[in-house]
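The shown structure was predicted, so the numbers you read here are calculated from the model rather than taken from an experiment. Hydrogens, waters and symmetry mates are skipped; everything else that's a heavy atom, side chains included, is used. Letters go in sequence order (proteins before strands), and every chain restarts at 1.
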Amino acid sequence: MGDKKSFYLTTPIYYVNDAPHIGHAYTTVAGDVLTRWHRQKGEAVWFLTGTDEHGQKVLNTAQANKVAPQQWCDNLVESSWKPVWRDLNIANDDFIRTTESRHMERVQRFLQGLKDDGFIYAGKFEGPYCIGCEEFKLPGDLDEGKCRIHSKPVEMLSEENWFFKLSAFREELLNHYKKNPEACQPASARNEVISFLEGEVRDLSISRSTFDWGIPVPWDTKQVIYVWFDALLNYATAVGLGDDADSEGGKKFAKTWPADVHLVGKDILRFHAVIWPAMLMAAKVAIPKKIFAHGWLLVGGEKMSKSKLTGIAPSDITKDFGVDAFRYYFLRAIPFGTDGSFSWEDMSARYTSELANDFGNLASRLIAMIEKYCENTIPAVATEASLAKQLAETVKSADEAICALDFQGGINSIMDFCKRINGYVTETEPWKVAKDPARKAELDLILYNTADALRALAVLLHPVMPESTEKLWESLGANTSIGSIAEQKISEVAKWGQLPAGSKVTKTPVLFPRLEENK
RNA sequence: GGCGGGGUAGCUCAGCUUGGUAGAGCAAGCGGCUCAUAAUCGCUGUGUCGUGGGUUCAAAUCCCGCCUCCGCUACCA
């Protein structure tokens, strides 16, 4: 630990316009699994999530609900967002809100710095403005020059704004992404960023004067900082951006920055892959090592959305399947980086086949046999070389895959090992061996190998399914014999024979109960 | 419109760079087993590879056209 840099991972900070749905949870769970994995590799880790609370939309929503914007945010954060992450077993180290003073002060200082260095200038923002909506519209929001909401022609209005010299960094960004393929993944995302940068890049208006829910521009307090400029900075303000090197914030910053991975949905890729690093380049701060854009969850072939009634709350799923199955399903079923379709049928099928039948049932049969044939006690340590070899290969490929954010590949290889153990038990037929007292040693050997394989499976699956693997861990008596599951190291897990003989095994309720018929 | 990606077994997808009898998992059927959550293990079938042409001894794979779905084409987050 000590002064070594932490593996620093962030999720986007979510816009507090509404309650979280499974799309938000997908990103956060992925971040949680990756950071738990790195922790079990023995690395120092810092995992940040949070909420984005400024901007016109939040203001409008708050006003529509007749509450002050700050109160709106407070309510939503405390009653919706934080509880969801707690319920999903998200082990974030920090939670930042953009309305916190630690954030706002650092943002103002950062912006002032850019201004002092000549990267900010006064300019005119011009765009189609709808009087009815009281806001600027995007070209895509218009139907033949009319606002879609009010069906009235929009006016071209201009507003005096502060601009950031984004264009000055086009070349440098382009070179960066061309030279460093791992800086933006998957490849499809990187290609989009590169093709964007190969076109014309214009400067960015970074302040707004038509509403006041935001961080004031330090030298022009009639304007607030554009919400994206404000929001992106959270990743750095949360760990002490700009603080004196020997202050607490400065030390934290030195230990975390630059971020190792920013997880984002592909819809916000450009903000993270273009604007954000340009801001940092201007301030002469190191840029993040990797932007990873994952895909969308599709429901019935369409992007999930609340307006189309396809928005699903995490609790809709966890109440039937449990938190672990939720965490497992999305990472196992969908290649991270491509869109994936969610369906209750697929969710149920995988739950039953992979979790209940393959994994949960393997634990059941082992525990039952130890109980029946070995008086609840783990027998003498033994080693089946072929299993040990396969475990070593499993750990290697799972580690490579997960560190490369290929969750599907990683989980797959772990579950393949699980299947192999089911096969081992069936082939060695311990229930037959048990009938012959002369074959007691053989029986012990089979059951020991199976138990130690389950020990490894519990550790490997712990980052994905912390709750059920913990149950299995306790059931194997490993808690008292070799310590807590979270402390087990990935690098050690393949060492065969760690479960000590004599550990007391206890029967627990099934890990993944069968689903009710009518689901 | 321009650029990019996809359309392969009932379902989810791999294969296409480097042409040569079409693959995996799940679901389904059959058999084994009974330690286990009617579970597990083994075996089996499954396809005009979107469509029309072309190149070739040979094309899911290469070339051209077409149909269809999706993404990007900047300042709502």
What integer distance in Å separates [X]:[atom1] from [N]:[atom2]?
| X | N | atom1 | atom2 | value |
| --- | --- | --- | --- | --- |
| A/Arg170 | B/A74 | CZ | P | 16 Å |
| A/Met369 | B/U34 | CE | P | 13 Å |
| A/Tyr329 | B/C26 | OH | C1' | 12 Å |
| A/Asn191 | B/G5 | CG | P | 8 Å |
| A/Ile225 | B/C75 | CD1 | P | 20 Å |
| A/Phe342 | B/C11 | CZ | P | 19 Å |
| A/Leu232 | B/C76 | CG | P | 13 Å |
| A/Asp267 | B/U73 | CG | P | 11 Å |

Passing option when A/Tyr26 is tested against A/Phe336, A/Tyr329, A/Phe342 for ring-ring contact (aromatic ring centres under 6.0 Å, His included):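 The option that passes is A/Phe336.
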
Using distance alone, with no hydrogens and no angle criterion, decide if [X] and [Y] have a side-chain donor and acceptor under 3.5 Å apart.
| X | Y | result |
| --- | --- | --- |
| A/His54 | A/Tyr226 | no |
| A/Asp230 | A/Thr98 | no |
| A/Tyr14 | A/Thr28 | yes |
| A/Arg97 | A/Asn234 | no |

Taking any heavy-atom pair under 4.0 Å as a contact, classify [X]: base, sugar-phosphate, or nothing.
| X | answer |
| --- | --- |
| A/Asp358 | sugar-phosphate |
| A/Phe229 | nothing |
| A/Ser353 | sugar-phosphate |
| A/Val201 | base |
| A/Glu345 | nothing |
| A/Lys435 | nothing |
| A/Ala356 | base |
| A/Gly360 | base |
| A/Leu269 | nothing |
| A/Asp346 | nothing |
| A/Ser364 | base |

Shortest side-chain distance from [X], nucleotide among [options]:
| X | options | result |
| --- | --- | --- |
| A/Lys266 | B/C41, B/U37, B/G71 | B/G71 |
| A/Arg514 | B/C33, B/C75, B/U37 | B/U37 |
| A/Glu192 | B/G71, B/U34, B/C75 | B/G71 |
| A/Val227 | B/C75, B/C72, B/A77 | B/A77 |
| A/Ser205 | B/U37, B/C75, B/C35 | B/C75 |
| A/Arg365 | B/U40, B/C26, B/U37 | B/U40 |
| A/Phe196 | B/C75, B/A74, B/U40 | B/A74 |
| A/Arg270 | B/U12, B/C72, B/C33 | B/C72 |
| A/Leu166 | B/C26, B/U12, B/A74 | B/A74 |
| A/Thr426 | B/C72, B/U37, B/G32 | B/G32 |

[atom1] atoms of [N] and [M], separation to the nearest Å:
| N | M | atom1 | result |
| --- | --- | --- | --- |
| B/U12 | B/C72 | P | 23 Å |
| B/C67 | B/G53 | C1' | 15 Å |
| B/G45 | B/C30 | P | 15 Å |
| B/U56 | B/G19 | C1' | 9 Å |
| B/G32 | B/U46 | C1' | 24 Å |
| B/A9 | B/C26 | C1' | 12 Å |
| B/A14 | B/U55 | C1' | 27 Å |
| B/U34 | B/G29 | P | 23 Å |

Any strand is fair game: report the nucleotide pairing with [N] by Watson-Crick or G-U wobble, both distances under 3.5 Å, or none.
| N | result |
| --- | --- |
| B/G71 | B/C3 |
| B/U34 | none |
| B/C26 | B/G10 |

Is the shortest side-chain N/O distance from [X] to OP1 or OP2 of [N] below 4.0 Å?
| X | N | result |
| --- | --- | --- |
| A/Tyr226 | B/A77 | yes |
| A/Trp228 | B/C75 | no |
| A/Asn357 | B/U40 | yes |
| A/Lys419 | B/C26 | yes |

Nearest-nucleotide 5' precedence on RNA chain B, A/Arg202 against A/Ile268: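 Looking at RNA chain B, the more 5' nearest nucleotide goes with A/Arg202.
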
Using heavy atoms to find the nearest nucleotide of RNA chain B for A/Val510 and A/Tyr15 separately, return the residue whose nucleotide is more 5′.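 Final value for this comparison: A/Val510.
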
When the ring planes of A/Phe512 and A/Phe359 are compared, do they come out parallel, tilted or perpendicular, using 30° and 60° as the limits?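 Ring orientation of A/Phe512 relative to A/Phe359: tilted.
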
Where does the angle between the aromatic ring planes of A/Phe110 and A/Phe229 fall among parallel (under 30°), tilted (30 to 60°) and perpendicular (over 60°)?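 Aromatic pair A/Phe110/A/Phe229 classed tilted.
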
Determine whether any donor atom in the side chain of A/Lys372 lies under 3.5 Å from an acceptor atom in the base of B/C35, or the reverse, and answer yes or no.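 Donor-acceptor pair under 3.5 Å: no.
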
Are any side-chain N or O atoms of A/Asn161 and backbone N or O atoms of A/Ser207, one a donor and one an acceptor, separated by less than 3.5 Å?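 A pair under 3.5 Å: yes.
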
For side-chain hydrogen bond (donor to acceptor under 3.5 Å, both in side chains), just list the numbers for A/Glu53 and A/Tyr15, CA-CA rounded to whole Å, side-chain angles, deciding distance to a tenth of an Å, and then say yes or no. CA-CA 6 Å; A/Glu53 310 189 1; A/Tyr15 205 57; over 6 Å; no

Are A/Phe119 and A/Phe169, when compared by the centres of their aromatic rings, separated by less than 6.0 Å?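 Yes, close enough.
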
